[in-house]
Amino acid sequence: MTLTVALLVNNLSIFPVIVVLFFVSWFLTTNIRIVPQANAYVIERLGAYSKTWTTGLHLKVPFIERVAKRVSLKEQVADFEPQAVITKDNVTMQIDTVVFYQITDPVLYAYGIDGPITAIENLSATTLRNIIGDLELDQTLTSRDVINTRLRTVLDEATDPWGIKVNRVELKNILPPREIQTAMEKQMKAEREKREAILLAEGQRESLILQAEGHKQSQILQAEADKEARIRKAEGEAEAILKVAEAQAAGLKALKSAQADTSVLTLKAYDALAKVADGKATKLIIPSNLQGLVGLAATLKESFEQTSDSAK
């Protein structure tokens, strides 16, 4: 019994210490805060804005100050649901957007508007409808950069009082109605077939042109070859005639040098007459002095016989 009472007394003496330690730990955990990098805490004192904590260690006055809002200063992405828009030519399509934004003023972000992300979504939807309403379907599909730029400009100006800077806006998807997509696919198929037919026609034309050019070059080369052959043949014939004339001239010159008399020339004439009458010619030309030639031949024959008899 005495031991039990002693233990109880000891426990009662430790209890205040435990209470004090608990109070100190609670005070430290609730009033000493560490703000992480790229974050900011908005502090209120008795319900009114007091200050903004940046990165580091901070001490809060208990029961008087409180952390009203924790704000991330990093760039963030908001992916909004597709919005129904109508183009200038009355085509209804679905467009969803992606907004890249960053909080630049935590105080304005905390007190500027209630639900800033919802406000950005609604503002982007209405602005997108206004922009697309001034464009036709083909312009909408080919003017993404223009739409992105105009939408970002409008959102950036509207969110300045909220402490938000809109860095980029991207159209994630543009979804026309199914029948429009089918018509566009048919149009693209027709365009591709048209380009294919044009390319085939151009290829055939180029092929025919090249074949014609080749045939032309071949004829030109053949004509030049025939011309060259005729020139060479003419030159050969001219050279042959020249050689014959030179040979005849040389023979006549030799006869003249040898002082050939009338008898020798007459024999030459006989020789020429025999060649003419060898049976190959169709016409026979008889000289007018044939009788004189025959007389000369008889005289030569008699002289030859007398010479033979004297020799015997």
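Keep in mind that this is a model prediction, so the values were computed, not measured.
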Answer yes or no: does atom [atom1] of [X] have more than 12 heavy-atom neighbours from other residues, nucleotides or ligands under 6.0 Å?
{"X": "Glu179", "atom1": "CD", "value": "yes"}
{"X": "Ile86", "atom1": "CD1", "value": "no"}
{"X": "Gln37", "atom1": "CD", "value": "no"}
{"X": "Asp226", "atom1": "CG", "value": "yes"}
{"X": "Leu210", "atom1": "CG", "value": "yes"}

Measure the acute angle between the ring planes of His58 and Trp53, then classify it against the limits of 30° and 60° as parallel, tilted or perpendicular.
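Rings of His58 and Trp53: parallel, as their planes differ by under 30°.
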Does a donor on one side chain and an acceptor on the other come within less than 3.5 Å for Gln211 and His215?
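No - no donor-acceptor pair under 3.5 Å links their side chains.
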State plainly whether one hydrophobic cluster holds both Val35 and Val42, where clusters connect Ile, Leu, Val, Met, Phe, Trp and Tyr through side-chain heavy atoms under 4.5 angstrom apart.
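No.
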For the pair Arg192 and Glu196, find out whether any cationic side-chain nitrogen is under 4.0 Å from an anionic carboxylate oxygen.
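Result for this pair is no, no salt bridge flagged.
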Test: Glu65 and Arg45 ion pair at under 4.0 Å:
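Yes, this pair counts.
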Just so I know, are the side chains of [X] and [Y] near enough to count as touching, which here means a heavy-atom distance under 4.5 Å?
{"X": "Leu128", "Y": "Leu171", "value": "yes"}
{"X": "Ile164", "Y": "Pro116", "value": "yes"}
{"X": "Leu123", "Y": "Leu155", "value": "yes"}
{"X": "Ile147", "Y": "Leu135", "value": "yes"}

Leu200 side, atom CG; Glu193 side, atom CD - distance, nearest 0.5 Å
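The CG atom of Leu200 sits 11.5 Å away from the CD atom of Glu193.
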Measuring from atom CZ of Phe100 to atom CD of Glu170, what distance do you get when rounded to the nearest 0.5 angstrom?
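Those atoms lie 6.5 Å apart.
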Taking every non-hydrogen atom, the tightest pair across Ala40 and Thr52:
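Looking at all heavy atoms of both residues, the closest pair is CB-CG2, 4.0 Å.
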Please check this pair: side chain of Asp89 against backbone of Glu136, looking for a donor-acceptor N/O pair closer than 3.5 Å.
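Between the backbone of Glu136 and the side chain of Asp89 there is no qualifying donor-acceptor contact (under 3.5 Å).
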